[in-house]
Number of protein chains: 2
Amino acid sequence: MSDFPVSFTGGYSRPVPKPESASLDFAVDRSSPVPLYYQLAQQLESAIEHGRLAPGSLLGNEIELAGRLGLSRPTVRQAIQSLVDKGLLVRRRGIGTQVVHSQVKRPLELSSLYDDLQAAGQSPATRVLRNETEPASAEVAAALGIAEGSEVQVIERLRLTHGEPMAYLCNYLPAELLDLDSARLEETGLYRLMRGAGITLHSARQAVGARTATAEEGEQLMEPEGAALLTMQRTTYDDTGRAVEYGTHIYRASRYAFEFQLLVRP
Amino acid sequence: MSDFPVSFTGGYSRPVPKPESASLDFAVDRSSPVPLYYQLAQQLESAIEHGRLAPGSLLGNEIELAGRLGLSRPTVRQAIQSLVDKGLLVRRRGIGTQVVHSQVKRPLELSSLYDDLQAAGQSPATRVLRNETEPASAEVAAALGIAEGSEVQVIERLRLTHGEPMAYLCNYLPAELLDLDSARLEETGLYRLMRGAGITLHSARQAVGARTATAEEGEQLMEPEGAALLTMQRTTYDDTGRAVEYGTHIYRASRYAFEFQLLVRP
DNA sequence: CAGTGGTCTAGACCACAAT
DNA sequence: TTGTGGTCTAGACCACTGT
C-alpha cells in the first residue's frame with residue numbers, strides 16, 4: 001500500500017506522492033521539424049524509462065508545465081495524452097498526472113508478433129519451400145475478402161533457429177500486391193518486405209490453438225508423432241482495411257510460445 | 001482496384017471516391033452531459049457500422065463539417081481521431097478522411113479475452129475448486145511484483161460449457177485487493193468482480209503455449225492422456241501499473257482456441 | 001475552498017497531395 | 001494553385017478531488 005518512494009518534507013500526513021517531482025530540464029527545439037508535442041512526449045518517456053521520473057510521482061499540472069516550456073496547454077496535453085495511451089502515465093481529475101506504478105515499462109512493440117519472433121535474436125533462418133501463384137481456395141478467398149479462384153501468391157516456409165526447425169509457415173497474399181523474391185524472403189521476413197513496398201500494416205485478426213502432430217508434420221518439424229503443436233491463423237489488414245495477408249502457421253510447442261500484451265479498451 | 005461504390009457525375013476521370021458522401025443528419029445536443037466530440041464520434045461510428053457511410057467514402061473536410069455542426073475544428077478533429085484510433089477511419093494528408101475498407105468493422109472488444117470467452121454465449125458455468133489465501137511462491141511473487149511469502153488469494157476453478165469441462169484456471173491475487181466470494185465467483189467472473197470493486201484494468205501480459213496432457217490433467221478435463229492442451233499465463237495490471245492478478249490456465253485444445261486482434265503500433 | 005484535468009472555441013500557419 | 005490534414009496558440013468554463 002505504501003510503496004511510493006516518498007521523501008517527507010515534514011508533517012504527519014499520510015504518505016501521499018510528493019506534489020512535485022518535475023524539476024527536470026525539459027526543453028523543446030522550435031526549429032526542429034519534429035512536432036513540439038512529440039519532442040516533449042519523447043523527453044517524458046525517456047525520463048520515465050530512465051527512472052528520472054519515479055513510478056507514482058506526480059508530473060505537475062499542465063498549465064505550469066506549459067508555462068515552463070513556453071508551450072500552450074493543448075500542446076502539452078497532446079504530449080501527455082500520447083503517453084497515457086501508451087500506458088506510461090495516468091491522469092486523475094482533481095489529482096494530477098502520475099507516472100504509472102509500472103512493471104511493464106515497455107509494452108513491447110507487438111508490431112506483428114512475428115517480426116518479434118524474428119527479432120528475438122534466436123539466430124533465425126528461413127527456408128522457402130514454395131513461392132508461386134495459384135487460384136484462391138474458398139477458405140483463402142474468404143479470409144482475404146476476394147473472389148474464389150482469384151490468383152494468390154502462396155508462400156510456404158520453414159523457420160529454423162539454431163539449425164533446428166521451429167515453425168512451418170504458409171501464407172497467402174493477393175497476387176498483385178507485391179513481388180516476392182524468395183532470396184529476399186529468406187533474409188528479410190514477409191512483414192518487412194510488405195512495409196518496404198509501401199504497405200502500412202494496421203491490424204491483424206488471429207486465432208491460436210493447439211493439436212497433436214501427425215506423422216508428416218512430426219517429420220518436417222523433427223518432433224515425434226503426437227507431440228503438441230501450437231497453431232495460428234492470421235489475417236492482416238492494412239490501414240485502409242483491406243486484407244493483405246492470410247497465413248496458417250504451426251509451431252513446435254516444445255520450443256515456442258506466444259507472448260503478447262493486451263490493452264483494455266476503456 | 002476499382003471497388004469503390006462510385007456514382008459518376010460526368011467526365012471520364014478515373015473512378016476517384018466521390019468527394020462528398022456526407023449529407024447525413026449529424027447533430028449534437030449541447031445540453032447533454034455527453035461531450036460533444038463523443039456524441040459526434042458515436043454518430044459517425046453508427047453511420048459507418050450501418051453502412052450509411054460506405055467503406056472508402058470520404059468524410060468531407062473537417063472545417064466544413066465543423067461549420068455544419070456548429071462545432072469548432074479541434075472538437076471535430078477529436079471525434080475523428082478517436083475513430084482513427086479505433087481503426088474505423090483513415091486520414092491522409094492532402095486527400096481527406098475516408099472510411100476504412102474494412103472487413104473487421106468491430107475490432108472486437110478484447111477487453112480481457114476472458115470475459116469474451118464467457119460472453120461468447122456457450123452457456124458457461126464455473127466450479128470453484130479452491131478459494132483461500134496462502135504465502136506467495138517465488139513464481140507468483142515475481143509475477144505480481146510483491147515479496148515472496150506475502151499472502152495471496154488463490155483461486156482454482158473449472159470452467160464448463162454444455163456440462164463439459166473446458167478449462168482449468170488457477171489465479172493469484174494480492175490478498176488485500178478484494179474480497180472474493182466463491183458463490184459470486186461462480187456466477188460473475190473474476191474480471192467483472194474486480195471492476196465492480198473499483199479496479200480499473202489496463203493491460204495484461206500473456207504467454208500462450210501448448211503441451212500434452214498428463215494423466216491427472218486428462219482426468220480433470222475429460223481428455224485422454226497425451227491430448228493437446230493450450231496453456232496460458234497472464235499477469236494483469238491496473239491503470240496505475242500495479243499487478244492485480246496472475247493466472248495459469250489450461251484449455252482443452254479440442255474445444256477452445258484464442259481469438260484476438262492485434263493493432264500495429266505506428 | 002483551491003487545484004486539477006476535461007472540454008471547447010476561433011482563430012493561425014505549415015506540409016503534403018492532387019491538379 | 002487549391003484543398004486537405006497536421007500542428008499550435010491563448011484564452012475560456014466546467015467537473016471532479018481534496019481540504
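Not measured: the values here are computed from a predicted model. Per chain, numbering begins at 1; letters A, B, ... match sequence-line order.
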Under a 3.5 Å threshold, yes or no: a donor from one side chain and an acceptor from the other, between D238(B) and T200(B)? no

Does dT9(C) have its OP1 or OP2 closer than 4.0 Å to a side-chain nitrogen or oxygen of T75(B)? yes

For a quick check of understanding: with a heavy-atom distance under 4.0 Å over all strands, which category does R92(B) fall into, base, sugar-phosphate or nothing? sugar-phosphate

Distance below 4.0 Å between R91(B) side-chain N/O and dT4(D) OP1 or OP2: no

I need the CD1-C1' distance between I95(B) and dT19(C), as an integer number of Å. 12 Å

Validation row: I146(A), V140(A) side chains within 4.5 angstrom (heavy atoms): no

On DNA chain C, check which nucleotide each of R93(B) and I63(A) is closest to and give me the residue with the more 5' one. I63(A)

Decide yes or no for E62(A) and R91(A): does some side-chain heavy atom of the first lie under 4.5 Å from some side-chain heavy atom of the second? yes

If you take atom types as modelled and just measure distance, does the side chain of R73(B) reach the base of dG6(D) with a donor-acceptor pair under 3.5 Å? yes

Whole angstrom is fine here: how far is it from CD in Q98(A) over to C1' in dG5(C)? 13 Å

R30(B) CZ to dT7(C) C1', in whole Å, measures 11 Å

Measure CD/Q78(A) against C1'/dT7(C) and give the value in whole Å, please. 15 Å

Provide, to the nearest angstrom, the distance between the CG atom belonging to L71(A) and the P atom belonging to dA10(D). 10 Å

Can you confirm whether I48(B) sits close enough to V100(B) that some side-chain heavy atom of one is under 4.5 Å from a side-chain heavy atom of the other? no

Residues in residues 31-40 of chain A with a heavy atom under 4.0 Å of DNA chain D, by number, are P35(A), L36(A), Y37(A)

Using the rule given for side chain to side chain contact (heavy atoms under 4.5 Å, CB included), can you reason through R73(B) versus L65(B), listing the C-alpha separation, both sets of side-chain angles and the distance that settles it, and then say yes or no? CA-CA 8 Å; R73(B) 185 184 169 204; L65(B) 190 54; over 6 Å; no

So do the side chains of T236(A) and L201(A) get within less than 4.5 Å of each other, counting heavy atoms only? yes

Just how far, in rounded Å, is C1' of dT4(D) from CD1 of I80(B)? 11 Å

Less than 4.0 angstrom between a side-chain N/O of T97(B) and OP1 or OP2 of dG5(D), yes or no? yes

Let me know the distance between CD of E62(A) and C1' of dA10(D), rounded to the nearest Å. 15 Å

Could you state the atom-to-atom distance from CZ of R77(A) to P of dT9(D) in whole Å? 15 Å

One should read off an interatomic distance between Y172(B) OH and I155(B) CD1, to the nearest 0.5 angstrom, of 10.5 Å

Looking at N61(A), does any N or O in its side chain come under 4.0 Å of the phosphate oxygens OP1/OP2 on dT4(C)? yes

